[in-house]
Number of protein chains: 2
Amino acid sequence: MSPRAGLTQEIVVRTAAKMCDAGEPLTLAALADRLGVRTPSLYNHIDGQDGLHRELTLYGSRELLDRITRAAVGVSGPEALIAVANAYRAFARQHPGVYAYTLRAPSPGDAEHVAAGEDAVGVLAAIFELMGLEPEEAIHAIRGFRSLIHGFVDLEMNGGFALPLDLDESYRRAVESYLTGIDAATE
Amino acid sequence: MSPRAGLTQEIVVRTAAKMCDAGEPLTLAALADRLGVRTPSLYNHIDGQDGLHRELTLYGSRELLDRITRAAVGVSGPEALIAVANAYRAFARQHPGVYAYTLRAPSPGDAEHVAAGEDAVGVLAAIFELMGLEPEEAIHAIRGFRSLIHGFVDLEMNGGFALPLDLDESYRRAVESYLTGIDAATE
DNA sequence: ATATTATACTAATGTTATTAGTTTTGCAAG
DNA sequence: CTTGCAAAACTAATAACATTAGTATAATAT
């Protein structure tokens, strides 16, 4: 009937990303259906379900790295960190499905994935060290910073904040408070 | 052969909890096998897979609430919050599988689950308000606090912290920095 | 023009969850 | 003590999904 549907890994992964961002359950069957193809045909482009997840993780990690990197150019200090925090949350809200994949720990062999994670940490490390933190202090500070913004975004996405009080304001205050505390601890 | 294996919902849920805490994939098939029973027999005690997940969520939420409540008795202020943060992390490390279920948003109809979540927030609200925060300020502060500790624990559990630097120290500093910032913002 | 390779297919298998309907046990009421 | 009943376990069957093996065909390179 139709050998040659013109698929490519790029198309498969991007379509999968759209589906999970839209909240649709992401199964190989549904993905194949969406692409007008039979399920086994996907195996020509991705290594099964695990492979698809790996690709989504990599895709999301790179995209997120790109966002926070761009958010940080031209600014420094707390201002830069606030910009990064806002870019991070904006990405997660815009791509809730893909965002969830970015959190997966890289497999030891997955050099590309590891690299994307290290680059993201590198962006933060540069900002903190320019603020006068020693490298080791910076690592602690980055861990807390990442924890705060990821935690907020994750709870927000999972309906963890029930009360009718402005979430933007809560986020702004949380980031601000943490940075104030870091500043106080540095002196 | 063996009608009457002596199962009860309690046993089913606790066994499921043990399995997911041990990192084993939690399927009804595996759970039934573990209990020495056929899969459909589980339906006498839980309402399918969704029902099991709901029970695990409730079980975990109550357990976690119990831990943080006990951690907070007899102490107040930042000391109490640090105790809560430590109890929270200890629970997550001890019960990684169950912890993941506690994060699920309660279904609107699930009054028991909603109540457990509100109680947990209530514990934190009491502490913050005794520290002099207005109710609305307290909500913002609680959101940030929960975000920080959940985010840290979640990243830690998912291998998000790669570098060989003491995690306990990072956690201690993160909580301390945040509380310092809250304190500064309150005056 | 032909050979090759990649892509998509059909067919088949195994796992899982779920429902329907059946048997049997343990307990309670007469 | 017997009889009846509800609950708990079972078997059987169905549907969704992922995966593998093997086959056909189209695009491309020779």
Side-chain angles (χ1 to χ4, degrees), chain A residues 1-60 97-98 100-101 104-105 107 109-110 113, chain B residues 1-60 97-98 100-101 104-105 107 109-110 113:
Chain A
M1 194 68 92
S2 66
R4 292 313 119 89
L7 288 192
T8 166
Q9 184 178 89
E10 181 90 7
I11 296 176
V12 172
V13 173
R14 293 191 110 92
T15 304
K18 271 183 199 158
M19 287 177 68
C20 65
D21 279 341
E24 305 168 31
L26 182 57
T27 66
L28 293 188
L31 178 56
D33 196 56
R34 171 82 151 251
L35 292 165
V37 111
R38 302 290 188 159
T39 307
S41 305
L42 296 177
Y43 285 74
N44 290 311
H45 306 284
I46 51 159
D47 192 8
Q49 202 169 35
D50 288 350
L52 175 62
H53 292 164
R54 195 157 7 92
E55 295 301 329
L56 281 170
T57 301
L58 190 56
Y59 168 73
V98 169
Y101 284 103
R104 306 201 164 198
S107 311
D110 196 339
H113 183 191
Chain B
M1 193 69 93
S2 68
R4 293 312 120 89
L7 288 193
T8 168
Q9 185 178 89
E10 181 90 8
I11 296 176
V12 172
V13 173
R14 294 191 109 92
T15 304
K18 272 184 199 158
M19 287 178 69
C20 66
D21 279 341
E24 304 168 33
L26 182 57
T27 65
L28 293 188
L31 178 57
D33 195 56
R34 172 81 150 251
L35 292 166
V37 112
R38 301 289 188 164
T39 308
S41 305
L42 297 177
Y43 285 75
N44 290 312
H45 306 283
I46 51 160
D47 190 8
Q49 201 170 35
D50 288 350
L52 175 62
H53 292 163
R54 195 158 9 91
E55 295 301 328
L56 280 170
T57 301
L58 190 56
Y59 168 73
V98 170
Y101 284 102
R104 307 201 164 198
S107 311
D110 196 340
H113 183 191

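Order of the sequence lines fixes the chain letters, A, B, ..., with proteins taken first and strands second; residue numbering starts at 1 for each chain.
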Within the distance-only criterion (no hydrogens, no angle test), does the side chain of A/T27 pair as donor or acceptor with the backbone N or O of A/A30 below 3.5 angstrom?
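Yes, A/T27 side chain to A/A30 backbone: donor-acceptor pair under 3.5 Å.
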Using only modelled atom types and a 3.5 angstrom limit, is any donor from either the side chain of A/N44 or the base of C/dA8 paired with an acceptor on the other?
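Between C/dA8 and A/N44, which were checked side chain against base, a qualifying N/O pair under 3.5 Å is present.
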Starting from [atom2] on [N], measure out to [atom1] on [X] and report it in whole angstrom.
X     : N      : atom1 : atom2 : answer
B/L7  : D/dA7  : CG    : C1'   : 12 Å
A/I46 : D/dT19 : CD1   : C1'   : 12 Å
B/R38 : C/dG21 : CZ    : C1'   : 17 Å

Any side-chain N or O of B/H45 under 4.0 Å from OP1/OP2 of D/dA9?
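It does, given that an N or O in the side chain of B/H45 lies less than 4.0 Å from OP1 or OP2 of D/dA9.
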Reported CG-to-CZ distance for the pair B/L56 and B/R104, which is rounded to 0.5 angstrom:
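The CZ atom of B/R104 is 8.5 Å from CG of B/L56, to the nearest 0.5 Å.
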Minimum heavy-atom distance between B/Y59 and B/A17, given as atom pair plus value
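That closest heavy-atom pairing would be CE2-CB, 3.8 Å.
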Where is the tightest heavy-atom contact between B/I11 and B/G6, given as atom of each residue plus distance?
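Closest approach of B/I11 to B/G6, heavy atoms only: CD1-O, 3.7 Å.
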Quick check: are there more than 12 heavy atoms from other residues, nucleotides or ligands sitting under 6.0 Å from CG of A/D47?
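For A/D47, atom CG is not crowded (no more than 12 foreign heavy atoms under 6.0 Å).
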Can you tell me which nucleotide in D/dA9, D/dT11, C/dC9 comes closest to the side chain of A/S41?
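The answer is C/dC9, which lies nearest to the side chain.
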Between B/E24 and B/R34, is there a side-chain N and carboxylate O pair less than 4.0 Å apart?
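Answer for the salt bridge query: yes.
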Nucleic acid footprint by protein, nucleotides 14-19 of chain C - heavy-atom cut-off 4.0 Å, B for base, S for sugar-phosphate alone:
--SSBB
